[in-house]
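One structure below.
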Amino acid sequence: MTKIALCGNPNSGKTTIFNALTGLNLHTGNYNGVTVSAYEARLTNDVTVCDLPGIFTLKPDTRDEISACEYLKKSADKAVIIADGCSIEKIAPIASSLAEMKLPCAAVITMADLLERDGAKIDMDKLEKTLGIPVFISDRKKFDALRDFILSAEYRTVRDCSPSELQSCIVGERREGLCLFDRLLFSGGIGFVLPFILILPIIFIYSCISPLLTEVVGYFLELLKIFIVSRLGASPFWLRHFISEAVFGGALTVLEFVPSVVLTIAYLTFLEESGIAPRLCAVMSPFSESIGISPGAVSAFLLGFGCTVPAVDALRAVDRKSARRASYILPFFQCSAKIPVFYLFTAVFFPKNPVLTLFLIYLGGVLVSFAVGYISKLTSRSEPVCGVIELPRYRRPALRNIVHNSADKCGELTKKIATVLLILSSVVWLLCHLTPSLEFVGEDRYADSLLYTIGGMLAPIFAPLGFDSGIAAASLVSGIFAKEGVLTSLSVCAGRDGVKFIAQEVFGIPSAVSFLTFFALYPPCVTAFFAYSEEFGIFHAVKCALVQFAAAYILSFAVYRLALIAV
Amino acid sequence: MEQSLDKAEAVRAVVGKITGDENIREKLKKYGIEENTSITVIGKISFGGVIVAVDGKNFVLTKTLAENIFLIK
């Protein structure tokens with residue numbers, strides 16, 4: 001089996017080439033550090049291609065770079081150097097190292113059309129002579145030809161050439177400078193409000209579009225529930241009750257939010273693909289620097305608005321110290337799994353100001369992350385952060401990638417509903433309907449149930465925060481397994497009364513605000529915990545969870561006391 | 001005469017001395033910024049940070065990093 005490695009600078013189009021060759025749909029984006037580990041796929045029966053994280057040299061200093069360099073040194077039989085046509089001289093250090101290793105190479109030039117748009121072009125003959133290897137210019141319309149090139153090119157040892165030699169292969173003058181939008185963004189002061197502007201569409205989705213979508217999906221779910229329960233007429237009462245309350249009333253409640261979560265992911269993909277994400281890193285760099293975190297980590301925070309797990313993976317592209325510090329505050333950027341719960345509490349307690357409430361939740365998370373980051377910097381020895389952020393050109397996002405990422409999230413969420421959330425709903429339903437001596441009890445005897453007993457034991461922990469009900473405590477425990485579990489647990493406990501009714505029964509406005517604060521800040525789900533553990537070790541994962549729990553507890557206590565005074 | 005990059009206005013210049021430890025020099029070398037290379041300062045970030053163009057790409061250097069780079073005027 002021949003292994004061909006696709007290597008090159010970050011954001012040079014390696015994954016796009018890999019996807020075109022293999023027909024796969026690996027995540028792409030218009031910023032450095034999207035690919036953080038090597039990914040192999042078969043091209044033919046005896047040829048494998050591998051998409052590697054971006055590198056500048058073969059002297060790595062982040063974990064993603066280490067994995068790329070190790071693959072090139074230990075596993076690759078051949079390498080294809082992917083070079084961004086607008087800056088081909090940047091591959092000189094990689095070419096030098098590959099020349100030293102004597103690894104057979106070929107090269108593919110991407111984004112040459114952007115260079116031509118600037119009025120310059122590449123002298124291909126000269127470039128082939130300079131590099132001493134076959135070179136192919138990639139084009140979206142010529143992917144078949146690219147595949148033939150990768151399979152049949154005459155791979156040779158690349159020539160050790162200097163950046164200036166490569167630069168001389170560009171005919172014409174490249175345009176330098178910033179576009180008007182970037183000038184306004186960075187120097188005109190607009191940059192400071194960019195994070196707030198970027199949050200607004202998410203809030204718009206949940207305050208304006210979501211109510212309609214949840215109602216439509218909810219209506220069809222209710223019809224399906226009536227149909228299925230009526231078909232179970234002769235079956236035991238407990239089974240009909242389980243289907244109605246645990247399956248439809250619990251796990252499937254989250255299905256109502258799938259369209260809104262998918263829209264959020266589509267929007268985040270748009271930010272990643274268009275080139276706005278690295279601009280956000282750049283405008284936030286003075287703030288990230290002030291808390292000792294490399295500005296590159298800001299793109300991981302942006303991913304955190306979708307899901308904490310890929311955001312933890314994205315920290316591989318950041319230097320180790322910054323990544324560890326960023327890991328403490330990452331979950332304070334609210335993931336999309338928390339949205340159904342935010343939506344419920346906003347609808348019940350703040351129906352007149354949904355936009356403001358959601359905005360404050362998101363803003364609060366960001367402010368807490370900076371406060372915790374700053375305290376962490378003060379309490380630990382740290383060296384000054386030295387960060388470099390590449391500003392890629394703006395690019396029209398590929399609809400295919402937006403649709404693919406959204407469909408992926410939709411599938412992931414549906415799978416979660418059918419597995420984790422269904423199990424959680426079933427457990428909560430059992431706890432609600434079994435006594436400690438395992439007798440089945442009806443809804444009217446909740447005080448005899450196991451949930452009441454267990455919740456009663458947990459309740460004192462949360463009593464100072466204003467929500468000492470067993471239901472609230474049990475729902476927070478469910479949230480450790482999956483954040484949507486809080487909603488499914490409350491729904492199962494509510495039974496026929498409906499989740500909005502039980503929310504009003506269990507919480508007043510001060511305790512609801514305190515519960516929301518705790519929910520927004522307490523440690524992420526177990527999947528994220530495992531991701532933490534894999535990236536940073538179990539000890540650091542536990543330390544992060546403790547810091548997040550402490551921050552959540554202290555702040556919800558403070559918020560509860562303030563709310564008591566205000567209401 | 002040398003001027004630190006964080007104080008420089010928009011200008012095409014040659015990089016002179018780079019202060020700080022070896023890590024800083026290595027990090028900058030990765031992006032093509034080393035002594036005697038030509039760079040263009042193309043803008044600044046409100047609250048700190050400098051935007052430079054090197055080898056056809058634009059980069060933002062944080063304030064701390066820019067303070068370590070001196071341009072030959």
Side-chain angles (χ1 to χ4, degrees), chain A residues 9-11 55-57 59-61 65 84-90 92-93 114-115 118 120 163-164 166-167 170 174-179 182-183 185-192 278-279 281-290 294-295 319 383-393, chain B residues 4-73:
Chain A
N9 299 145
N11 203 27
I55 46 172
F56 287 100
T57 64
K59 287 178 190 163
D61 58 13
E65 291 178 348
D84 175 351
C86 300
S87 56
I88 47 173
E89 55 270 57
K90 288 249 176 285
L114 295 179
L115 184 69
D118 283 355
S164 55
L166 288 170
Q167 200 174 25
I170 296 175
R174 277 180 302 205
R175 196 175 56 196
E176 276 184 343
L178 292 173
C179 66
D182 277 351
R183 282 204 297 272
L185 194 65
F186 295 123
S187 309
I190 294 181
F192 185 59
R279 265 99 188 154
C281 295
V283 295
M284 295 305 286
S285 63
F287 304 99
S288 62
E289 202 181 12
S290 69
S294 163
D319 67 88
E383 292 152 20
V385 176
C386 297
V388 182
I389 309 139
E390 186 187 323
L391 294 180
R393 285 162 184 257
Chain B
S4 86
L5 178 57
D6 71 313
K7 302 275 189 320
E9 294 304 321
V11 65
R12 193 174 188 123
V14 172
V15 177
K17 191 172 63 180
I18 297 175
T19 55
D21 61 15
E22 193 56 33
N23 281 341
I24 290 179
R25 269 190 287 277
E26 278 298 317
K27 187 179 271 271
L28 288 168
K29 199 175 169 186
K30 262 179 37 174
Y31 296 94
I33 304 168
E34 50 190 326
E35 285 168 18
N36 296 322
T37 56
S38 168
I39 65 169
T40 311
V41 182
I42 52 175
K44 291 198 170 191
I45 306 250
S46 318
F47 302 103
V50 181
I51 310 164
V52 297
V54 190
D55 300 337
K57 288 207 174 215
N58 294 343
F59 296 101
V60 171
L61 307 180
T62 57
K63 191 172 185 297
T64 318
L65 200 52
E67 280 168 356
N68 283 288
I69 302 167
F70 289 85
L71 302 176
I72 300 169
K73 283 189 85 178

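Below, chain A is the first sequence line, B the second, and so on; all start at residue 1. Worth knowing before you read on, the calculation uses all heavy atoms, side chains too, and leaves out hydrogens, waters and symmetry mates.
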Assert top hit (heavy-atom pairs under 4.5 Å, partner chain A, pool B/K30, B/K44, B/K63, B/E26) equals B/K30
d(A/K90 NZ, A/L166 CG) to nearest 0.5 Å is 11.5 Å
Take a 6.0 Å sphere around NZ of B/K57 and say whether it holds more than 12 heavy atoms from other residues, nucleotides or ligands.
yes
### Query
Going through the checks in order, is the side-chain contact (heavy atoms from CB on, under 4.5 Å) test met by B/L71 and B/I39?
CA-CA 9 Å; B/L71 302 176; B/I39 65 169; 3.8 Å; yes
Rounded to the nearest 0.5 Å, the CD1 atom of B/I33 sits from the CD1 atom of B/I24 at a distance of 12.0 Å
Honestly, the part of B/E67 sitting under 4.5 Å from a heavy atom of chain A is neither
Bottom line for A/P93: the part with an atom under 4.5 Å from chain B's heavy atoms is neither
Ranking B/V60, B/I42, B/L61, B/V54 by heavy-atom pairs under 4.5 Å to chain A gives rank one to B/V60
Honestly, the part of A/E289 sitting under 4.5 Å from a heavy atom of chain B is side chain
Cut-off 4.5 Å, heavy atoms of chain B, and the answer for A/D84 is side chain
Most contact-rich option vs chain B, by heavy-atom pairs under 4.5 angstrom, among A/A120, A/S87, A/G387, A/P392, is A/G387
* To do: Please work out which of the three classes, parallel, tilted or perpendicular, describes the rings of A/F56 and B/Y31, given edges at 30° and 60°.
  => tilted
Tell me, do A/L391 and A/F186 make a side-chain contact under 4.5 Å, heavy atoms counted?
yes
